[in-house]
Amino acid sequence: MTYQDSRRKILLEQLGVGPVWTLRQSPTMPVAPGPIEEDIAAHDAAGAAIDAVLPRVTADDGHSSVSMSVPVPAGLDWPALEQAVAACTACGLCHGRTNTVFGVGDRKARWFFVGEGPGRQEDLQGDPFVGPAGRLLDNMIRALGLQRGENTYIANVVKCRPLAADGGDRPPAAAEVATCLPFLQRQIELVQPDVIVALGKSAAVSLLGLQADTPVASLRGRMHTYRGLPLVVTYHPAYLLRQPADKAKAWRDLCLAMTAHAAAA
Ligand code: URA
């Protein structure tokens with residue numbers, strides 16, 4: 001066993017996958033590929049649905065009463081995009097934020113991980129996935145033979161913390177997602193990764209334009225396409241912390257993502 005293989009074995013054990021899922025082939029080779037089907041039609045429907053709501057979105061979900069419009073002119077470069085996010089007041093989330101959380105990593109990364117939105121720690125530090133879920137995400141990334149910041153980019157669907165009335169975290173509302181999504185779309189457009197990993201429901205349904213109540217379980221195990229790029233759906237690390245028994249499934253999803261990455265190389 002090579003050093004890399006033994007390191008991966010340790011990480012898989014940390015992920016709770018243990019001896020059940022060890023790679024028998026090089027990560028560049030297909031590992032347990034699932035049925036591959038392209039959701040181009042779903043993507044097109046997504047695009048149409050998102051385009052339909054983008055010009056002007058009124059929050060009607062009880063989380064905000066602010067009327068919102070698209071904040072992202074087409075073709076922004078990285079510095080302009082970063083500035084636009086930092087200055088954004090297009091939805092009510094700006095009122096509860098300490099910092100915007102733009103995204104982190106290699107802007108030429110082949111791997112793009114998408115989470116839901118900043119939590120308390122992320123809001124305080126201005127970086128995505130720095131709390132307990134972030135530590136698990138880092139282990140998942142290391143299990144792929146990668147490192148945060150090297151060949152990986154991490155961003156969220158919304159760039160400000162969705163603050164619940166009780167001071168805790170909450171999922172972003174549909175109107176908040178619709179307002180913020182163009183930032184993420186532009187980030188993906190600029191990076192042009194080989195594969196996108198959607199971490200949890202918010203990331204998956206936002207990028208694929210699906211109903212908000214679509215179960216993650218129904219999206220796992222197959223390849224989707226987001227604007228021509230392969231997209232794999234897996235469980236959110238925060239969910240995996242609550243349901244460690246599903247870590248083995250998450251590892252299978254990451255193996256599927258590896259096949260997409262290998263195919264693109
Ligand atoms: N959960 C997310 O989805 N994103 C973060 O940045 C942190 C927790």
Side-chain angles (χ1 to χ4, degrees), residues 15 63 81-82 85-86 88 91 93-94 96-107 109 111-142 146-149 152-164 166-188 191 193 195-208 210 212-216 219-220 226 231-244 246-247 250 253-254 257:
L15 281 175
H63 291 306
L81 187 62
E82 224 167 343
V85 168
C88 185
C91 82
L93 293 186
C94 64
R97 77 181 176 216
T98 313
N99 290 295
T100 53
V101 178
F102 181 71
V104 71
D106 177 357
R107 292 175 174 181
W111 291 79
F112 200 118
F113 295 85
V114 181
E116 179 177 80
R120 185 167 173 277
Q121 286 304 323
E122 290 77 19
D123 173 66
L124 291 174
Q125 295 187 38
D127 273 329
F129 283 101
V130 290
R135 283 192 285 282
L136 179 55
L137 177 61
D138 286 345
N139 278 346
M140 292 163 76
I141 286 173
R142 279 196 287 264
L146 301 164
Q147 293 276 0
R148 179 188 283 240
T152 61
Y153 195 87
I154 305 172
N156 285 309
V157 173
V158 296
K159 310 304 191 200
C160 297
R161 180 191 183 196
L163 187 60
D166 66 0
D169 299 327
R170 63 166 172 83
E176 293 157 354
V177 167
T179 304
C180 213
L181 195 58
F183 290 132
L184 175 64
Q185 289 169 330
R186 183 64 186 147
Q187 286 173 304
I188 295 172
V191 173
V195 60
I196 300 166
V197 180
L199 302 162
K201 186 185 297 200
S202 289
V205 301
S206 305
L207 289 174
L208 296 173
L210 303 172
D213 59 357
T214 309
V216 170
L219 301 172
R220 293 187 46 256
Y226 167 80
L231 182 150
V232 170
V233 177
T234 193
Y235 292 114
H236 192 285
Y239 165 85
L240 292 173
L241 289 175
R242 295 191 303 273
Q243 300 288 337
D246 280 341
K247 285 181 182 174
D253 300 332
L254 296 182

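Every number for a ligand or one of its atoms is a count from 1 in the order of the listing. Quick note: numbers below take in every heavy atom, side chains included, and nothing from hydrogens, waters or symmetry partners.
- Listed by number with element, the atoms of ligand 1 under 4.0 Å from a non-hydrogen atom of H236 are 1 (N), 2 (C), 3 (O).
- Annotation for G149 and T152: closest pair N-OG1, 3.0 Å, computed over non-hydrogen atoms.
- One finds a salt bridge joining E176 and R170 here, because a Lys/Arg side-chain nitrogen approaches an Asp/Glu carboxylate oxygen to under 4.0 Å.
- Between the CG atom in D138 and the CD1 atom in I154 there is a gap of 6.0 Å [rounded to 0.5 Å].
- Close approach to P128 involves these atoms of ligand 1, each under 4.0 Å from a residue heavy atom: 6 (O).
- The shell of residues lying under 4.0 angstrom from ligand 1, judged by heavy atoms, includes G117.
- Atom NZ of K159 is separated from atom CZ of F102 by 7.0 Å, given to the nearest 0.5 angstrom.
- Residue-level proximity to ligand 1 for Q121 is absent, since no heavy atom of it falls below 4.0 angstrom.
- Taking distance alone, with nitrogen or oxygen atoms compared against 3.5 Å, F129 approaches ligand 1 more closely than that limit.
- When non-hydrogen atoms are compared, ligand 1 lies under 4.0 Å from the side chain of E122 (C-beta onward) but not from its backbone.
- With ligand atoms numbered from 1 in the order given, ligand 1 contributes 3 (O) to contacts under 4.0 Å with heavy atoms of G115.
- Using a 4.0 Å cut-off between charged nitrogen and carboxylate oxygen, D123 and R97 do not count as a salt-bridge pair.
- No salt bridge links R120 with D169; every basic N to acidic carboxylate O contact stays at or beyond 4.0 Å.
- Between P118 and ligand 1, no pair of N/O atoms sits closer than 3.5 Å.
- Of all protein heavy atoms, the one lying nearest to atom 4 (N) of ligand 1 is N156 OD1, 2.8 Å.
- Of all the heavy atoms of A133, none lies under 4.0 Å from any atom of ligand 1, so neither backbone nor side chain is involved.
- Remark: ligand 1 atoms within the under-4.0 Å shell around heavy atoms of E116 are 2 (C), 3 (O).
- We find the CG-CG distance between L124 and D127 to be 12.0 Å, quoted to the nearest 0.5 Å.
- By the 4.0 Å N-to-carboxylate-O rule, R186 lies too far from E82 to be salt-bridged with it.
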